[in-house]
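In what follows, a single structure is set out as structure tokens and then discussed.
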There are 2 protein chains.
Amino acid sequence: MVIPGSTRLIAIDWGTSSARAYALTDHGEIISEMSAPLGVQRVTAGDFAGALAALCGGQVPAGVPLIASGMIGSRQGWVEAPYRECPAGFDAIAAGLTPVPGTALAIVPGLICRDANGVPDVMRGEETQIFGALPNGSTETQALILPGTHSKWAIASSGAIESFATFMTGELYSLLREHSILGRLATGGTDASALGQGVRSSLREGAALTHDLFSARTLALTGALASEGVADYLSGLLLGAEIAAARGWLARQTPAAVPVTLIGEPALCSRYRDALAVAGIAATIGPVDAAARGLWRIANHAGIVKR
Amino acid sequence: MVIPGSTRLIAIDWGTSSARAYALTDHGEIISEMSAPLGVQRVTAGDFAGALAALCGGQVPAGVPLIASGMIGSRQGWVEAPYRECPAGFDAIAAGLTPVPGTALAIVPGLICRDANGVPDVMRGEETQIFGALPNGSTETQALILPGTHSKWAIASSGAIESFATFMTGELYSLLREHSILGRLATGGTDASALGQGVRSSLREGAALTHDLFSARTLALTGALASEGVADYLSGLLLGAEIAAARGWLARQTPAAVPVTLIGEPALCSRYRDALAVAGIAATIGPVDAAARGLWRIANHAGIVKR
């Protein structure tokens, strides 16, 4: 990445498999960015300093503050940034920023919350995207959905993340697609109608995922589902199961209807928007640069943007 | 397998990965048996005749009828024995016996049933175990559970299988254990209390499997679940999800409480019995040789046992 002279902050969305670095002005404008397969699991021999230099284009510039969020702050990362308890707003996140000794890098803490039975849930990186996606100065209660390997549904209110829940939709889809007998029935191709069929099936009264998944096999076996539709049908069943469970979770958090925003990769957000529509939930798609915006806002709040 | 002179039927439980052959007297007594890794997926170049000879100890004896059930009758097997519609009793099964040309072998058909929405479910092999486990002459409505890779719950009445439902519990457990981030958290060891904890979690109001599975990670991360307990906790979550869904299915099939029998591998049946007890369902464990008994009964009913 080229670091222009007007750079006042280097912000890094540093995940498990990849990392994306941004050079930002003092107004939070992105003036340069790069992505590299330098996620926490791919940094060899713990050489995070080397990975950071590579993300900066070869050398970490002197005098520019850096901030990162994601798995880089996990136990498997560079320096552990302990989870902050929900509800957590900018103050809590800023107070939890964890410096990496010998560098100008601060790591954003992840969040932890507990359900009514005391069972914890965690996020790392998504909190930053949520802080980047929240409308400026908004105090309205809203729901945010971050689809992915481990999808997150969160409730935010008055600039704080109140609570959230994880759904392993993406990981289960990969497991079924790559390693199960169901995945072997699937050929390439997409089929929007099979996706919708799966979503509707999981939204029905009496739906039961571990039973319904088997119908991908029986419908294919009896010729009712083409092999080109098997993958999307499976995806629809999992997505429908997520929506069915998450809307119940949402209703327990906030009985009144709230605006719903999707944050993440555009194609995936659009797939979720279509599936949510089947369930009668209208969702808007948030900004694509939510991570960079969130990192800048947190850094700004913490007073570490170079002035 | 040694084929004693008093053998009147050779019965084979012929599945995907392994096959078990029994020599039976005219009273259905097992006088010899052998098991071999000669399941349908392991028979090379379609040499089922060679596999059959091997299961008979080298040569198929002349003049002795043979019967087999399981994946050997599937499209990937030797000769396809088309599914029979439920309800199906001995008459329907006997009428569906499919001869293998050039041999004295008959293959038991699998069963197909449809739910209220017309979605099919299928079994192959389990119908034979159920026919072997049903008490002689019983007309009482009862539930039978066959735990496994794809667990089956069935309703039988007056000697016929009325309806059934599949749950992919075993396959999902293997996928999670071997390929997921959750499996990587698990170390060897068993933990009955973690198993019960998982079962109870999935039986609670508001349980949602794709969310709850993630708690194996968060509970381990926060030290609330030892790594030795992770595998059993996952198993408990899946088992509880099966029981929660299946008891709903059962109640829709037959509102009154019915006796519940577990059929299958003893250790697995005992694990299911404990989990069912958590849900307040008392179950007894059926005969271990249900497949051989079922094959003998079907052959006897069809009049193919040598007299």
Side-chain angles (χ1 to χ4, degrees), chain A residues 16 74-75 83 112-122 149-153 165-176 178-183 200-202 204-219 221-222 224 238-239 241-242 244-246 248-249 252, chain B residues 16 74-75 83 112-122 149-153 165-176 178-183 200-202 204-219 221-222 224 238-239 241-242 244-246 248-249 252:
Chain A
T16 301
S74 71
R75 250 169 246 172
Y83 292 110
I112 188 165
C113 69
R114 283 165 217 279
D115 70 14
N117 300 310
V119 177
D121 206 330
V122 295
T149 305
H150 299 159
S151 292
K152 308 284 181 185
W153 287 54
T166 302
F167 298 86
M168 296 187 65
T169 307
E171 181 163 4
L172 286 168
Y173 177 73
S174 297
L175 292 176
L176 289 167
E178 288 162 31
H179 302 289
S180 78
I181 60 139
L182 304 178
R200 280 189 301 277
S201 178
S202 281
R204 81 185 192 285
E205 181 75 27
L209 188 64
T210 71
H211 167 66
D212 296 333
L213 288 171
F214 194 65
S215 68
R217 177 175 193 167
T218 58
L219 290 169
L221 194 68
T222 55
L238 288 163
L239 235 163
E242 174 181 332
W249 173 84
R252 289 193 295 276
Chain B
T16 301
S74 72
R75 250 170 245 173
Y83 292 110
I112 188 166
C113 68
R114 282 165 218 281
D115 70 13
N117 300 310
V119 177
D121 207 331
V122 296
T149 305
H150 299 158
S151 292
K152 308 284 180 186
W153 287 56
T166 303
F167 299 86
M168 297 187 65
T169 307
E171 181 163 4
L172 286 168
Y173 177 72
S174 297
L175 292 176
L176 289 167
E178 289 163 29
H179 301 288
S180 79
I181 60 141
L182 304 177
R200 281 189 302 278
S201 178
S202 281
R204 83 187 191 284
E205 181 75 27
L209 188 63
T210 70
H211 167 67
D212 296 334
L213 288 171
F214 194 65
S215 68
R217 178 175 192 167
T218 58
L219 290 169
L221 194 70
T222 55
L238 287 163
L239 236 164
E242 173 181 332
W249 172 84
R252 288 192 295 275

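Here is how names work: the chains are called A, B, and so on, in the same order as the sequence lines, proteins then strands, and each is numbered from 1.
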Sidechain-backbone polar pair: A:T218 side chain, B:P120 backbone, donor-acceptor under 3.5 Å: yes
How far does CG of B:D212 sit from CE of A:M168, to the nearest 0.5 angstrom? 11.5 Å
Measure distances from A:T222 to the heavy atoms of chain B and classify the residue's part below 4.5 Å as side chain, backbone, both or neither. side chain
Closer than 3.5 angstrom, by distance alone: can the side chain of A:R75 be matched with the main-chain N or O of B:L221 as a donor-acceptor pair? yes
What residue in A:S180, A:A208, A:G248 has the most heavy-atom pairs under 4.5 Å with chain B? A:S180
Measuring from B:S215:OG to A:D115:CG, what's the distance to the nearest 0.5 Å? 8.5 Å
Between A:L213 and chain B, which part of the residue has a heavy atom less than 4.5 Å away: side chain, backbone, both or neither? both
State, with a plain yes or no, whether a side-chain heavy atom of B:T166 is found less than 4.5 Å away from one of A:R217. no
For a 4.5 angstrom cut-off between non-hydrogen side-chain atoms, does A:L182 reach B:E171? no
Considering only heavy atoms, which portion of B:L175 lies under 4.5 Å from any heavy atom of chain A: side chain, backbone, both, or neither? both
Quick one: of B:L172, B:L209, B:I112, B:T169, who has the most non-hydrogen atom pairs under 4.5 Å with chain A? B:L172
Whatever's closer than 4.5 Å to a heavy atom in chain A on B:I181 counts as both
Given that the side chain runs from C-beta out, which part of A:N117 has a heavy atom under 4.5 Å from chain B: side chain, backbone, both or neither? side chain
Would you mind reporting whether A:D121 and B:H211 have side-chain heavy atoms less than 4.5 Å apart? yes
Only pairs of heavy atoms separated by less than 4.5 Å count here; which of A:F214, A:F167, A:W249, A:Y83 has the most with chain B? A:F214
Which of parallel (below 30°), tilted (30 to 60°) and perpendicular (above 60°) describes B:H179 and A:H179? parallel
